[in-house]
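Here the structure comes first, spelled out in structure tokens, and everything after it is commentary.
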Amino acid sequence: MEDFIIILLQSLATTAWIVVLGRVLMSWIDPQFERPLGQFLYSLTEPFLAPIRKILPQAGMFDFSPLVLLIGLGLVMRMTWFL
């Protein structure tokens, strides 16, 4: 049962990492998220990025919240390797 939980956590973290990276890449193509894929990625990631944005200080026109989330997800993925 413990192995199942670890594998599930790794899978969720990896999937979330890919989705956040997809949103970042999509923001270069469609910054307003008007296309269906952009809207889908926005709706999946915004609940996780908005609280981070509230904590981070403003950095001009740059949004570092996806970077913080990607680093956090990367740490979760690495920590599960040691369990």
Side-chain angles (χ1 to χ4, degrees):
M1 182 67 175
E2 184 178 315
D3 291 338
F4 172 75
I5 293 172
I6 292 172
I7 291 171
L8 179 65
L9 187 60
Q10 287 174 339
S11 299
L12 289 174
T14 303
T15 302
W17 198 90
I18 291 169
V19 169
V20 172
L21 183 62
R23 176 189 164 140
V24 169
L25 295 175
M26 190 67 178
S27 72
W28 297 346
I29 299 167
D30 182 18
Q32 301 300 320
F33 297 104
E34 294 173 351
R35 296 183 180 153
L37 179 59
Q39 291 174 352
F40 177 69
L41 292 174
Y42 181 86
S43 67
L44 283 179
T45 57
E46 190 59 23
F48 301 101
L49 294 174
I52 297 171
R53 234 181 259 119
K54 289 180 183 177
I55 296 170
L56 284 179
Q58 291 284 337
M61 61 184 232
F62 297 106
D63 181 16
F64 290 110
S65 59
L67 178 63
V68 171
L69 185 57
L70 288 173
I71 290 171
L73 289 169
L75 289 173
V76 168
M77 290 187 296
R78 289 185 188 268
M79 287 173 39
T80 57
W81 290 347
F82 297 113
L83 296 178

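Nothing fancy with the numbering, it's 1 onward along the sequence.
- Atom CG of Leu25 sits about 7.5 Å away from atom OG of Ser27, to the nearest 0.5 Å.
- The list of salt bridge (charged side-chain N to carboxylate O under 4.0 Å, His left out) pairs with a residue in residues 7-24, not counting sequence neighbours, reads Arg23-Glu46.
- Residue pairs meeting the salt bridge (charged side-chain N to carboxylate O under 4.0 Å, His left out) criterion with at least one partner in residues 71-83, sequence neighbours excluded, do not occur; the list is empty.
- The cluster map of Ile, Leu, Val, Met, Phe, Trp and Tyr, joined by side-chain heavy atoms under 4.5 Å apart, puts Leu75 and Leu49 in the same cluster.
- Transitive grouping of hydrophobic side chains (ILVMFWY, heavy atoms separated by less than 4.5 Å) brings Leu67 and Ile52 into a common cluster.
- For Thr14, the side chain to side chain contact (heavy atoms under 4.5 Å, CB included) test picks out Ile18, Met77, with sequence neighbours left out.
- Atoms CD1 and CH2, from Ile71 and Trp17 in turn, are 11.0 Å apart once rounded to the nearest 0.5 Å.
- The side chain to side chain contact (heavy atoms under 4.5 Å, CB included) test applied to Ile29 returns Arg35, not counting sequence neighbours.
- Residue pairs satisfying the salt bridge (charged side-chain N to carboxylate O under 4.0 Å, His left out) criterion with at least one member in residues 2-16, sequence neighbours excluded, are absent.
- Taking Asp30 as the reference, nothing meets the side chain to side chain donor-acceptor pair (under 3.5 Å) condition, with sequence neighbours excluded.
- Legend: salt bridge (charged side-chain N to carboxylate O under 4.0 Å, His left out) pairs involving residues 61-77, not counting sequence neighbours, sorted by first then second residue: Arg53-Asp63.
- Note that CG of Leu73 and CG of Leu12 are 10.0 Å apart. Values are rounded to the nearest 0.5 Å.
- A distance of 13.0 Å separates OG1 in Thr80 from CD1 in Ile5, rounded to the nearest 0.5 Å.
- Annotation: ring-ring contact (aromatic ring centres under 6.0 Å, His included) contacts involving residues 60-83, sequence neighbours excluded, are absent.
- In this structure, Val24 and Pro66 approach most closely via the heavy-atom pair CG2-CB, 3.6 Å.
- Residues Leu21 and Leu69 fall within the same hydrophobic cluster, defined by Ile, Leu, Val, Met, Phe, Trp and Tyr side chains chained together at heavy-atom separations under 4.5 Å.
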Kindly list each side-chain donor-acceptor pair under 3.5 angstrom involving residues 37-44, sequence neighbours excluded, with atom names and distances?
{"from": "Gln39", "atom 1": "NE2", "to": "Glu34", "atom 2": "O", "distance (Å)": "3.3"}
{"from": "Ser43", "atom 1": "OG", "to": "Gln39", "atom 2": "O", "distance (Å)": "3.3"}
{"from": "Ser43", "atom 1": "OG", "to": "Phe40", "atom 2": "O", "distance (Å)": "2.8"}

